[in-house]
Structures are given as C-alpha cells and as structure tokens.
Enquirer: 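Here it is: the structure, laid out below.
Counting starts at 1 for both ligands and their atoms, in listed order.
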Amino acid sequence: MNSDLVGPLKALLKTEKRIVLVPHKNPDGDAIGSCLGLQRFFEAHHHTTHLISPNDFPEFLKWMPGAETVINFEKNRNEAEKIIASADLIFTLDFNALNRTGAMQEALEKATCPFVMVDHHQSPENYAEVTYSDAQMSSTCEMVYHLIDRLGAASEIDAEIATCLYTGILTDTGSFKYPGTTPTTMRVTAELMERGARHTQIHRYIYDTNRVERLQLLGCALQNLVILKPYRTAYITLTQEDLNRHNFQKGDTEGFVNYALSLKDVVLAAIFIENKEEGIVKISLRSQGDFSVNDLARSHFNGGGHINAAGGRSDESLEATTARFERILPLYEKQLNR
Ligand code: 5GP
Ligand code: MN
C-alpha cells in the first residue's frame, strides 16, 4: 500500500465513525471476506459498522464469521438507505465502479460522506477520497491485510479476521494457482494461518459442501459444452430451464467455467447463463496466458475484470448472445493462436 494513502486513511479513522462496508453485487468469497474482515477490525476499534450487500450471497459463504449480520439491500431497502444516508464513511470493496452495486448505486451516489475504495480491478472510477487500487494484487482480502498492516495493527488480526481474509485469498487465487498469486500473497497467507485461519476446514466449507443438485447441474453444463477448435475456445451454456430443473441456488455455477478452460489446448473459456427474471445473460470469461478477457468483456459484453478472469452481461437472448460470441472470435483468431 502506497505510503501517501496511510495518512489520509488514518485521519478518516481517527475518531469513532459510522462506517458502511459494501461489496459488489453477487458478492464472491473475496468481496464478502474483505468486507467481513475489515468490519470486524473496525468494530474492535469502536466504530459503528454495517455491511450492506447489494443482494444475497451464496450458501457456501454463510458459515463465515459475521455473515449473519450482513444486510441485504434488495430485501431491506428502506433500512439500508437510511444507514447509507447517515454514514460518516463508506468503504467499497472488491469493485471499482459504482454500477457494480446494481440497484444500490443510486443510494451510494446520494451519500455525501467520504468513500474509501479498496480494490484490485483495472481502471478504477474516481469517486473515493482514498483510492487504494492495485491490479497486481491477488485479491482484495490480501489488500485488506496490507491496509491493516500499514495502520500498524497487524497484531490485532484475530482468528475471525484471519479466517475471512484467508477465504477471499483462497477463492480469488483459485486455491493459490492463478498468476496473480505472489510470494507476498503466500507470506500474507502464512501470517493468516498463524493468526488462526484453519485452512483445511475453510477449504472444506468452500469446496466440499455440494448438494447433489449442484453436481447434476454441473453434469448438465458439461453436456452443453461447445468446443471451437480453430479459436482454442470452449464455452458452456445454461438455460433458465436447466437451472430450474436442478433447483438452482445462488453460487451453484461458481467454478463451472473452469472445466471448459481445463481442456487441453483451450486458452479461452466462457459460460453463458440465462437469467429470465433479470432478462439478461450473465457471462463469465476465463483465459490462460496473455489473452485478455478483461478487454473482451469491456469491448463486447458491458463488463470487465482481470486479464484472465472477467465477466459481463448481454440483453439479447441466450442464442443471440452465443452467436455473437462466435462472430467475435475471428477478430481475435491471431491472439488466440499465439
Ligand atoms: P465472475 O466471472 O467470477 O463473475 O467474475 C470474474 C471477474 O470479473 C471478477 O473479478 C468480477 O469482479 C469481474 N466481473 C464479473 N462480472 C462483471 C461485470 O458485469 N462487470 C465488470 N466490470 N466486472 C465483472
Ligand atoms: Mn476480488
């Protein structure tokens, strides 16, 4: 963390504040972990805190310490709007543009208090008083560790904070295998283990608590796999009907796209998931090597993310969306075959 951020941050936190912490919509382990970890740290420093999520988060994260106190904006809009309006300080974590909070965007734009952004996505918006942005970081959870450390408070990280931060690092690094995992990430992780994060248990909670319906939905997804050899690309589709048939619950499709990427010689993978309620197709993109799915998502699918992991959406039908995807690929043929 850049040293010129430490002073302004300390100044903002000098007196007791009403702090709101916000993850992005459809929060993942890193978004929820970073918010919960930082929330607990602030609570220990006698700030009053609320963690408001734009919408619900997956069952496989609900065991996390403090998860039961998260306010769901979608479900408790009035209460959440009041809390945001009376906040002294708003921390936005794991995203870099207010539209990533969906329906919560309006309430956040109305807020007059200072914002602090902690995030590892490229090209941050300029809405925060303090912007701690670093696209080289493995995860926002790793950044929260550095932030606490730079406040001189690493020794205050207890087992609960360590557990939250470990979880986000684990999920955002693909269990420490993505290129964004650095020696520093591993040092931070080691420190979190020493402070009480129980890695075997956390891995089990995250990855080994499947419902049979989810495994069968995975089976369905793999049946729907399309391979486009000339473009070293593979993609998966799931219709709303597929989801309904397998009693879909939030988070069930997490990681499915990686099966497409695991194919030998595939460097670009996608999953297209129909969402009839929102009238959109949600898209997740993954790549190997230097092919940037961030660029692809930004240029064609109203999205963004990182070089090797990005997401976006389409307002067209599932068929029209995949047809468009297939029409786009020739533009990238050279890059995909480098
Ligand atoms: P996922 O595919 O797991 O939903 O997301 C992969 C990465 O892309 C994450 O870093 C996530 O924040 C980012 N991402 C996913 N969906 C969107 C989107 O609609 N817009 C933007 N800007 N980023 C997204
Ligand atoms: Mn993240």
Enquirer: Going by distance only, is there an N or O of His24 that falls short of 3.5 Å from an N or O of ligand 1?
Expert: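 No, no N or O pair falls under 3.5 Å.
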Enquirer: Looking at every non-hydrogen atom in both residues, tell me the closest pair between Pro54 and Thr101 and how far apart they are.
Expert: CB-O, 3.4 Å
Enquirer: Could you work out, for atom 4 (O) of ligand 1, the closest of Ser284, Ala31, Pro27, Ala270 by heavy-atom distance?
Expert: Ser284
Enquirer: For a distance under 2.8 Å, tell me if Asp30 has an N/O/S atom near the Mn ion (ligand 2).
Expert: yes
Enquirer: Geometry only, no angles: is Leu285 polar-contacting ligand 1 at N/O separations under 3.5 Å?
Expert: no
Enquirer: For the CZ atom on Phe248, are there more than 12 heavy atoms of other groups (residues, nucleotides or ligands in this structure) within a distance under 6.0 Å?
Expert: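 Enclosed.
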Enquirer: Using a cut-off of strictly less than 2.8 Å, determine whether Asp28 has an N/O/S atom near the Mn ion (ligand 2).
Expert: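 So Asp28 does not count as coordinating the Mn ion (ligand 2).
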Enquirer: Considering distance alone, does some N or O of Lys282 sit under 3.5 Å from an N or O of ligand 1?
Expert: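 So ligand 1 has an N or O lying under 3.5 Å from an N or O of Lys282.
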Enquirer: Which of the atoms in ligand 1, numbered in the order shown and given with their element, are less than 4.0 Å from a heavy-atom of Ala309?
Expert: 7 (C), 8 (O)
Enquirer: Within 2.8 Å of the Mn ion (ligand 2), is there any N, O or S atom belonging to His121?
Expert: no
Enquirer: Minimum distance, heavy atoms only, to atom 21 (C) of ligand 1: which one of Gly312, Ala310, Gly304 is it?
Expert: Gly304
Enquirer: May I ask you to identify the nearest protein heavy atom to atom 3 (O) of ligand 1, giving residue, atom name and distance to one decimal place in Å?
Expert: Arg286 NH2, 2.8 Å
Enquirer: Need one value: angle at the Mn ion (ligand 2), Asp172 atom OD2 versus Asp94 atom OD1, rounded to 10 degrees.
Expert: 170°
Enquirer: Using modelled atom types and a 3.5 Å cut-off, is there a donor and acceptor pairing between side-chain atoms of Thr173 and backbone atoms of Lys177?
Expert: no
Enquirer: For Tyr166 and His199, take the angle between the two ring planes, folded into 0 to 90°, and tell me which bin it lands in: parallel under 30, tilted 30 to 60, perpendicular over 60.
Expert: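 Tilted, since the angle between the ring planes falls between 30° and 60°.
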Enquirer: Does only the side chain of Arg313 get under 4.0 Å from ligand 1, or the backbone, or both, or neither? Count heavy atoms.
Expert: neither
Enquirer: Should Lys25 and Glu278 count as an ion pair when the cut-off is N to O under 4.0 Å?
Expert: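 The answer is yes: the pair qualifies as a salt bridge.
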Enquirer: Parallel, tilted or perpendicular for His45 and Phe41, by the 30°/60° rule?
Expert: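 His45 vs Phe41 ring planes: tilted.
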Enquirer: Under 6.0 Å from the ring centre and within 45 degrees of the ring axis: does the NZ or CZ of Lys250 meet both conditions for the six-membered ring of Phe57?
Expert: no
Enquirer: When you compare the side chains of His146 and Glu142, does any donor N or O come within less than 3.5 Å of an acceptor on the partner?
Expert: yes
